[in-house]
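Numbering of ligands and ligand atoms starts at 1, following listing order. Start at 1 with the first residue, then count along the sequence. Everything numeric in this text was worked out from a predicted model, so none of it was measured.
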Amino acid sequence: MKLIRTENYAEMSLEAGKIIVDKVRSNPILTLGLATGSTPKGVYDYLIQDHEANRTTYTKVKSVNLDEYIGLPAKDPNSYHYFMNQTLFKHLDISENDTHIPNGTASDLEQECLRYEQLIKELGGVDLQLLGIGQNGHIGFNEPGTAFSSRTHIVTLAQNTREANSRFFNSLEEVPTHAITMGIASILDSKEILLLVSGERKAEALNRFVNGEISEDFPASALKYHENVTVIADRDALKYI
Ligand code: PGA
């Protein structure tokens, strides 16, 4: 595992953005694994600015997202479909058909999980997966206790995850109780992983990730089994390290 120490959120985003742009330029047909949440927003801003300034093109890039809430249609402002379109896709020249996110309103959700896993396989796997980490160590929506062997599956969101994400909703009650997420084994299949960690509220999780044991109680610890992980963290997140 490689650890890149940065001063703040802006520098973390810049470092990650440069790595992604380099990959896209050297392999314009790659499959990017993307994440939602507060953490990757700065990276997406960087990709957009670079696309405008340097004309990096995404016409042959494919993307797969980690997860989606169950029950929220794509047009719901809190869905991850909506987030990705607004925050990134609509600003790039990536084709809508090449951007993939689990469908949280599929009539058969078990079937949707199988379809998504098969889709990733058909795309040739994820070349570069961008990840955040939850305060409880979740990656994607794989909450503590998830088997490391898990594939795309339906999860019940942990109460602390719903509380953490309620900042985007009008109330905690509105936060969906379930989601579809790529599993831990699906994530570990990625050829390369970039884990971004910013802010003091993630400092304990980062410390446990770096110094703690590998355990299903702490999903991110599975990344230690992967041979190509780069962690980019800012000074506040690195408080205990
Ligand atoms: P955040 O979420 O980027 O909004 O902090 C990360 C996560 O929960 O995985």
Side-chain angles (χ1 to χ4, degrees), residues 6 8-17 20 32-47 64-70 72 77-84 86-88 101-102 104 126 129-146 150 152-153 155-169 172 174-184 186-188 190 193-210 217-223 226 229-239:
T6 63
N8 51 38
Y9 180 80
E11 201 183 308
M12 177 196 77
S13 304
L14 178 72
E15 287 300 319
I20 296 172
L32 285 175
L34 300 176
T36 51
S38 308
T39 308
K41 272 186 148 175
V43 179
Y44 296 157
D45 286 344
Y46 177 89
L47 299 185
V64 291
N65 263 74
L66 287 166
D67 45 18
E68 176 60 286
Y69 288 119
I70 287 179
L72 298 191
N78 278 311
S79 75
Y80 288 168
H81 278 76
Y82 191 91
F83 176 97
M84 289 308 300
Q86 298 298 318
T87 314
L88 184 65
I101 304 178
V126 171
Q129 176 69 56
L130 190 60
L131 282 184
I133 185 172
Q135 284 164 270
N136 63 3
H138 74 205
I139 48 173
F141 270 137
N142 294 289
E143 302 286 21
T146 306
S150 55
T152 302
H153 62 132
V155 291
T156 303
L157 297 176
Q159 184 62 14
N160 51 11
T161 296
R162 292 185 66 236
E163 280 163 10
N165 289 6
S166 66
R167 65 191 194 275
F168 301 112
F169 293 78
L172 178 59
E174 281 183 23
V175 184
T177 53
H178 293 79
I180 297 184
T181 184
M182 276 166 65
I184 293 179
S186 332
I187 292 171
L188 291 183
S190 314
I193 293 174
L194 267 189
L195 174 65
L196 306 188
V197 196
S198 170
E200 202 174 333
R201 77 188 171 96
K202 299 292 177 66
E204 274 179 35
L206 182 58
N207 187 32
R208 189 165 170 192
F209 172 66
V210 172
D217 290 338
F218 194 72
S221 65
L223 299 176
H226 195 283
V229 175
T230 302
V231 180
I232 310 180
D234 65 14
R235 186 205 276 266
D236 288 345
L238 287 161
K239 184 173 167 187

Engineer: Distance only, no hydrogens: is a donor on one side chain within 3.5 Å (strictly under) of an acceptor on the other, for Asn65 and His81?
Structural biologist: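 Note: Asn65 and His81 side chains miss the donor-acceptor criterion.
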Engineer: Among all residues two or more places apart in sequence or in another chain, which pass the side-chain hydrogen bond (donor to acceptor under 3.5 Å, both in side chains) test with Thr36?
Structural biologist: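 side-chain hydrogen bond (donor to acceptor under 3.5 Å, both in side chains) check on Thr36 returns nothing, list empty.
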Engineer: Between His226 and Ser190 (side chain of the first, backbone of the second, donor and acceptor by atom type, cut-off under 3.5 Å), is there such a pair?
Structural biologist: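 Checked: pair present.
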Engineer: Just checking Arg162: does its CZ atom have more than 12 heavy atoms from other residues, nucleotides or ligands closer to it than 6.0 angstrom?
Structural biologist: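 Atom CZ in Arg162 is packed in, count exceeds 12.
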Engineer: Within a 6.0 Å radius of atom CD on Gln135, are there more than 12 heavy atoms belonging to other residues, nucleotides or ligands?
Structural biologist: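 Yes, the 6.0 Å shell around CD holds more than 12 heavy atoms from other groups.
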Engineer: At less than 4.0 angstrom from any atom of ligand 1, which residues have a non-hydrogen atom? List them by chain and residue number.
Structural biologist: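 Only Gly37, Ser38, Thr39, Gly132, Ile133, Gly134, His138, Arg167, Arg201, Lys202 have heavy atoms that fall under 4.0 Å of ligand 1, ordered by chain and number.
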Engineer: Under 6.0 Å between ring centres, would you say that holds for Tyr69 and Tyr80?
Structural biologist: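 Ring-ring flag for Tyr69/Tyr80: true, centres closer than 6.0 Å.
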